[in-house]
Every structure is written in structure tokens, then in C-alpha cells.
Engineer: 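What follows is a single structure, and I will ask about it in a moment.
Letters A, B, ... are given to chains in the order of the sequence lines, protein chains preceding strands, and every chain is numbered from 1.
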There are 4 protein chains.
Amino acid sequence: MANGFRTQRRIEFADTDAAGIAHFSSFFRLMEAAEHELLRSVGLSVFLRDDEGAISFPRVRAACDFRAALRFEDVADIDVRIERIGRTSVTYRFAFSRDGEPIATGEIVAVCCRVGQDAPPRAIELPKWIADKLRPFVDAATSE
Amino acid sequence: MANGFRTQRRIEFADTDAAGIAHFSSFFRLMEAAEHELLRSVGLSVFLRDDEGAISFPRVRAACDFRAALRFEDVADIDVRIERIGRTSVTYRFAFSRDGEPIATGEIVAVCCRVGQDAPPRAIELPKWIADKLRPFVDAATSE
Amino acid sequence: MANGFRTQRRIEFADTDAAGIAHFSSFFRLMEAAEHELLRSVGLSVFLRDDEGAISFPRVRAACDFRAALRFEDVADIDVRIERIGRTSVTYRFAFSRDGEPIATGEIVAVCCRVGQDAPPRAIELPKWIADKLRPFVDAATSE
Amino acid sequence: MANGFRTQRRIEFADTDAAGIAHFSSFFRLMEAAEHELLRSVGLSVFLRDDEGAISFPRVRAACDFRAALRFEDVADIDVRIERIGRTSVTYRFAFSRDGEPIATGEIVAVCCRVGQDAPPRAIELPKWIADKLRPFVDAATSE
């Protein structure tokens, strides 16, 4: 994954469930945390401001396929790459592993939105200055 | 508990941890949910508006003492009473039980605050119309 | 949805995030809670025992598509149906709505597993007595 | 805090609530994560095994006093010290700060218990080999 971004997260006790493993919903929190860390690494955030107001990135899709379990105190490697930068959206792909063993793969599609206090989010074209910062993470094989 | 308010919550799988019981942090979520249900029962909410703007109730204290555990699918009775209505704060007391067996007792102290987008919450005197709606839940023995 | 199962959940304050809406990971907790309520309605649970030991249903897939947001104290209707009962797995489909407005649709694929303390879950054929109880929820249009 | 243990945690988006700040229940998850990190630093865990079986540390008390709020992406310093090692229990004290500004203080009392699959936890005397590893974190001023 030439253009990838890798981070790590330890499974906390509160992430586990009575089956003794990380609850499946925890993977979605971890994917989002990894996405935000990628954004921070290039000076971006999920809350941005430009001249016209606030911009945020609500999700229109989140999915995860599980192959193996994570347990309390396991340290997961999380690889993040951007599969696609669309006109208004960014598609992230995630791969969880532990010591090289594949654990899960996931996807989040976030849409660039103008957000305000009292109105629902409204999709806008992804500003060029944001897209330019994300492009290095786009997987070469899948981008045109 | 003559002036009390009782509600119930079922322990969901996501509330449990690898010890097979409801994670201790879940009790705080359940206490808050019970508090909000009490507020709804008299037409209040933790987010209110008056002529001057938005009012909310950040917590300055939360505590819980645990005597026994709750497990997945257990149904907990949660008794709520108001121990004290102060000038700016409301002190709630919670008792968790299961089929009459005491499980845990807790406390939340919430402070009435003027809240806005870009400034920290600022404590204000509890409006009389709010205090009047809460007074029926004050435990007779402890109020003067 | 002739064979469907419907339940309701209120968005609690702890489910919300700084964007003022229910955090996307909350939808996965709510889907699971709805699945478990369906199981309870026919006398099943995600933790079962038969003569050979414990049976549980780890997830191999979870996905959600979001069309609109839920906010604090919103009451969501959650429709659940079973799309497919496989040899070892059950595929659930979920539809979230609020006052008839579509909010989100989701999917969980759970695999019937023999589970123990010290070994990873091992997929087993779905016992007939469990499959028989689930069959009424299978969507007629999609079952063969 | 001569004998203290300090760690850091970043507030993730899923930790926040619709008031725009870290939800108060998140502080309890963060306290526990800091406690476990302290235990790991001396080769301990909240799940231990000795010749007689499994040992764990259920909580009998958890409390937090809040002075200020944490927001998304804030990095909190968490100072942990052990206030008291009792016959069966360990009392932890936590102090949250951000760039030196006090945010919150908390307490967790954990009880050393023999734990098993099908019985409630049973308090046992804290084994000497565990107590010896924890003693360096006991605050000199408060220990006798």
C-alpha cells in the first residue's frame, strides 16, 4: 500500500463485550479515529471553516467485514487508504490486522457538507484545497 | 419513595464487557437516560430555550457505588429522586435494582447553564418555571 | 413487510456527537438491540446452550447506509426482517425511519458458532430448532 | 506528584455529545484506560491468573468531578496515583488537565476478586505479589 496511512489502536476493556471480544460496533469507532488521524496528518479535520461557514463530513455509508476477533489489550494495526475522491464524497478503505494476521476490512463514505445549527447538512462540492491534501492517499491502482 | 420516579432499562449486549457484566460506565449512561426521562415526564428537556437563548445542564459531579452486577438482558429498575434543588444546580439520586435486589446507587449533579457555540457554559440561576416542575420529585425527608 | 418485526428506540444524549446528531456507530448498536429483541420475541437469545455447550452469533458483516440524521430524543422505528437463512448464517435487514421518513438501512450477517473460553469461535450448522423459529421473519419475496 | 503515572488521551469524535463536548461518561472510560495502562507498565493486567484460577478487579465505586470541558481532538493529560491499597481493594485517583488547566478529578475503587463463569465475583485478599507492584504508585503523603 504505497500511499497508505497506518496507525495503531489498543482494544480497551470498555470496547469488549460478554463474548470476550471487541464489540463489532467498536470497529466503527476505530475506523473513524483512524480517518481523523489521517486528516490531522495533513492539517485537516472533520470540522473545517472557510469564508462561507462550517464544513463537515457526515457519513452516507459505513461497512465492515469481520474475519477474526480482537481481544482486550490487543494492539490492532489499522491501514487506511482513500479509494476514491468523488465530486462531493471521499471513500475510505480500512484494513485491521494484528501481527500481520488479517482481522477485518471496512469502508466509510463521507460527504462534504455545509453544516449549520438548525438545518440538515447540505452536500457541497469538495473544495479543491481539501481534495489536494487527500490525493496522496488515493490508491494508485484504483484511481484514474 | 413517595415522590420518586421509576423507569426500566434492559442491558444491551453492547453494554457488557469481557467480564460478562454491564460495564461500569454503562451505569452512567443509564442514569442520564433516566434523568432525561424524568425531565420529559414534566415537559422539560436537557436542552431548553427561553427568551435569552439556550439553557443546558452540564454535569459537575457523577458518582456510582456498585453492590452487584447486571448481565446481558437483565432488566434494571431505576428509581430517581431529586435530593436537592440549589440556586443553580439539581442533585439527582439513582437506585438500580433487579427484582428488588439492590444493584447500585448513583448521583448526578447538574448545573443550569447558559450555553452557546463558541463560549464555555456559564452557570445561571435555575429559572423558577424549571424549579417548579422539578419540586414534586424532591424527597420530602431531605428538603427543607 | 408482512413478516416483519418492528421496534422503537429513542436516541439518548450519549448516542449523539458534536455534530448534534446520533453518531453513526450508534446505528449499529441499535440494529443489534433490534435483532436481539426479535430473538427474544420467539424465545431465542444470542447466547444459547444445547447439549454440547454454548452457541453464539458473531458477526461477519455489518453495514449501514444513511439518508438522514437522527437527533437527541428522536424516536426511531426500526423494521427488521431476515433476508436469508443460510447453512451457518442469518442475514438481517434493518430499516430506520422517523414518522415514516426513511433515515437509514442496514445489514448484519451473523454466523452460528460454537463458542468457548479459550478458543476462537467455530462456525457450525444452524440447528433446525433455531432456524424453525426464525423462518417466520424471512421476507417472502426473497426466500426461495 | 512524585510517585505518579501520567498518560495522555485524545478526545475522539465518538466521545463527544450534542453539547459539543466530551460526554461525561467518556471520562470513566478514559480513567479505566489510564488505570490499565498503569497496570501494564508494571506487568499487571485487570485479568490475571494464579494457581487457583482467574482474578479480576470489579469496581465498587467510581466518581468524577468536572470543572471544565474537553472538546473533540483535545489532548488530555491524565495523572494517576494510588491513594490507598486496602486488604482487598485499590483506590485510584485521577486528575485530567489540558495544557496545565485542571479539567476533572476522579476516583475508582477496584476490588480484587476471584471470578468465574457462572458465579458472581467473590472478593479475596489482594495477593502480595500484586500489592508489591502497585506500592510505588501510592501517594507518599496519604500512605502510612
Engineer: Of the backbone (N, CA, C, O) and the side chain (C-beta and beyond), which part of C/Phe27 lies under 4.5 Å from a heavy atom of chain A, both, or neither?
Structural biologist: neither

Engineer: How far does CD of A/Glu32 sit from NE2 of C/His23, to the nearest 0.5 angstrom?
Structural biologist: 3.5 Å

Engineer: Which one, A/Val60, A/Ile108, A/Val109, A/Val111, leads in non-hydrogen pairs under 4.5 Å with chain C?
Structural biologist: A/Val60

Engineer: Work out which heavy atom in A/Ser25 is nearest to a heavy atom in C/Phe28; give both atom names and the distance.
Structural biologist: CB-CB, 4.3 Å

Engineer: Identify which part of A/Ala104 has an atom lying under 4.5 Å from any heavy atom of chain C, answering side chain, backbone, both or neither.
Structural biologist: neither

Engineer: Check this for me: C/Arg67, atom CZ, are more than 12 non-hydrogen atoms of other residues, nucleotides or ligands nearer than 6.0 Å?
Structural biologist: no

Engineer: Between chain C and each of A/Gly106, A/Pro121, A/Cys64, count heavy-atom pairs under 4.5 Å; write down the option with the most.
Structural biologist: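 Maximum pair count with chain C is reached by A/Cys64.
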
Engineer: Contact part of C/Ile21 toward chain A, heavy-atom cut-off under 4.5 Å: side chain, backbone, both or neither?
Structural biologist: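 For C/Ile21, no heavy atom lies under 4.5 Å from chain A.
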
Engineer: For C/Phe24, is the NZ or CZ atom of A/Arg59 found under 6.0 angstrom from the centre of its six-membered ring and inside 45 degrees of the ring axis?
Structural biologist: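 Positive - A/Arg59 is close enough to the ring of C/Phe24 and near enough to its axis.
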
Engineer: Quick check on C/Ala68 against chain A: is it the side chain, the backbone, both or neither that has a heavy atom closer than 4.5 Å?
Structural biologist: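 For C/Ala68, neither part sits under 4.5 Å from chain A.
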
Engineer: Can you say whether A/Ala19 sits under 4.5 Å from chain C via the side chain, the backbone, both, or neither, judging by heavy atoms?
Structural biologist: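 Both parts, backbone and side chain.
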
